[in-house]
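Since the model is a prediction, treat every value here as computed from it, not as a measurement. Chain A is the first sequence line, chain B the second, and so forth, proteins listed ahead of strands; every chain is numbered from 1.
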There are 2 protein chains.
Amino acid sequence: MLRLSKLTDYATVLLAYMAKTNSHLHTALELSEATAIHLPTVSKVMKVLSKAGLVYAIRGSKGGYQLAQVPEQITVASIIGALEGPVAITECSAQTHDCEQASACEIKGNWGVVNRAIVNVLESITLADMMVTQQQYSSAEIQVSWQGLSR
Amino acid sequence: MLRLSKLTDYATVLLAYMAKTNSHLHTALELSEATAIHLPTVSKVMKVLSKAGLVYAIRGSKGGYQLAQVPEQITVASIIGALEGPVAITECSAQTHDCEQASACEIKGNWGVVNRAIVNVLESITLADMMVTQQQYSSAEIQVSWQGLSR
DNA sequence: TTATACAGTACCAATTTAGTCCTATATTGA
DNA sequence: TCAATATAGGACTAAATTGGTACTGTATAA
Ligand code: FES
Ligand code: FES
């Protein structure tokens, strides 16, 4: 149902924690303890974020991770892009797809428009936005979770 | 990568075809031939759309399917909803989720905001919008597909 | 040289999705 | 009433994806 992967969710939680205190380096172990995400999973996610250039990684003892940009410059779209690749809600919304018989299709090109609209939303939301405290809703409303992630 | 299921894509193609000539009933066989989606798959999708109330279904000989509303009233969000349930980009953006330790999370509630923004986009786009002819892009741009669906 | 911490990759289990098929039910018309 | 037509509702399997873990390699500091 138009779901992001759990790894993307983990990544956002980890980056948000790092953003809070970005003065020092964060080891994978520290991140794991602070977020209650299992260490192997933290490692996996951080490696991907490092490769994508969203965080700096320093090896060796006294090493760790640090945000590569300020939270205001890290968009949700870039986090998703790092973990899952470019957003493409359907095969037809992707740029690289090849199709000979598209002439017969009634909705040709329109998924691309929808996709663009969603990407615009995701590019407009930054890590800093994600750290704003949201009001708590009653149980009938949005029930947020954190434990749910590490299930 | 924030992907809709293929069935949702099929459903949109089928509904768009039906919208073109909604004066008569469309049998699953006719829809299959017009869209080149295999008949069993067409049946599966139409059953779901019927159950969701997006199309009327009439059984027996001379039976078939017909849109339950005009294309301007059928939103992309409702099509997704019929096939995949409500849009929930993460577990934390769902309404029904239960979490005891959310107090520790840095991004608590924010996925719900992002989710809402995406739902707003999807609710603003109708089947009629999806039928607007889009300009053809060069191969470097969006490459639309129709055959890709039935792969 | 040793301990620490990230990098890269391979791997498996669990889940989800796509696709097909079978039986039941409703409708029409001969 | 019977036969033909079409949808309804499940059940089922194969394929693909995802989530999670483990192992080996490399860089750094003391
Ligand atoms: S991700 Fe933090 S409350 Fe769900
Ligand atoms: S769905 Fe891809 S061109 Fe129609």
Could you pull out the closest heavy-atom pair between Ile37(B) and Val42(B), with the gap in Å? O-CG2, 3.4 Å
What is the distance, rounded to the nearest whole Å, between atom CD of Glu33(A) and atom P of dA5(C)? 11 Å
Provide the closest heavy-atom pair for Leu54(A) versus Ala82(A) in the form atom of the first, atom of the second, distance. CD1-CB, 3.8 Å
Value in whole Å for how far the P atom of dT7(D) lies from CG of Leu31(B): 8 Å
Distance-minimising heavy-atom pair for Ala128(A) and Glu72(A): CB-OE2, 3.7 Å
Assign each of Leu7(A) and Ala57(B) the nucleotide of DNA chain D bearing its closest heavy atom; nearer the 5' end lies the nucleotide of Ala57(B)
Would you classify Ser50(B) as touching base, sugar-phosphate or nothing, given that sugar-phosphate means primed atoms plus P, OP1 and OP2, and contacts are heavy atoms under 4.0 Å? sugar-phosphate
Just how far, in rounded Å, is P of dC6(C) from CD of Glu30(A)? 10 Å
Atom pair distance, as rounded to whole Å: CG in Leu49(A) and P in dC6(C): 13 Å
With B for base contact, S for sugar-phosphate-only contact and - for none (protein heavy atoms under 4.0 Å), nucleotides 24-30 of chain D reads -BBBBB-
Could you tell me the separation between the CG atom of Leu4(A) and the P atom of dT17(D), rounded to a whole number of Å? 17 Å
Quick tally for nucleotides 8-17 of chain C: nucleotides whose base has a protein heavy atom under 4.0 Å get B, sugar-phosphate-only ones S, the rest -, giving BB--------
Pairing donors with acceptors under 3.5 angstrom, does anything connect the side chains of Thr75(B) and Glu123(B)? no
Flag yes if Ile58(B) and Val55(B) sit in one hydrophobic cluster, no otherwise; membership is Ile, Leu, Val, Met, Phe, Trp, Tyr, and two members link when side-chain heavy atoms are under 4.5 Å apart. no
Looking only at non-hydrogen atoms, find the nearest pair between Thr12(B) and Leu127(B) and report the distance. O-CD1, 4.2 Å
Side chains of Asp129(B) and Thr126(B): do they bring a donor and an acceptor to under 3.5 Å? yes
Among Tyr65(B), Tyr56(B), Tyr17(B), find the one that has a ring pair (Phe, Tyr, Trp, His ring centres under 6.0 Å) with His26(B). Tyr17(B)
Nearest-Å distance for atom pair NE2/P, residues His38(A) and dT18(D): 20 Å
Within this structure, what is the CG-to-C1' distance between Leu39(B) and dC22(C), rounded to whole angstrom? 14 Å
Do the side-chain N or O atoms of Tyr10(B) get closer than 4.0 angstrom to the phosphate oxygens (OP1, OP2) of dG19(C)? yes
In whole Å, I'd like the distance from the CZ atom of Arg3(B) to the C1' atom of dT17(D). 12 Å
Measuring to OP1 and OP2 of dT21(D), would you say a side-chain N or O of Thr41(A) lies under 4.0 angstrom away? yes
Is the backbone of Leu2(B) close enough, under 3.5 Å, to the side chain of Arg3(A) for a donor and an acceptor to pair up by distance? no
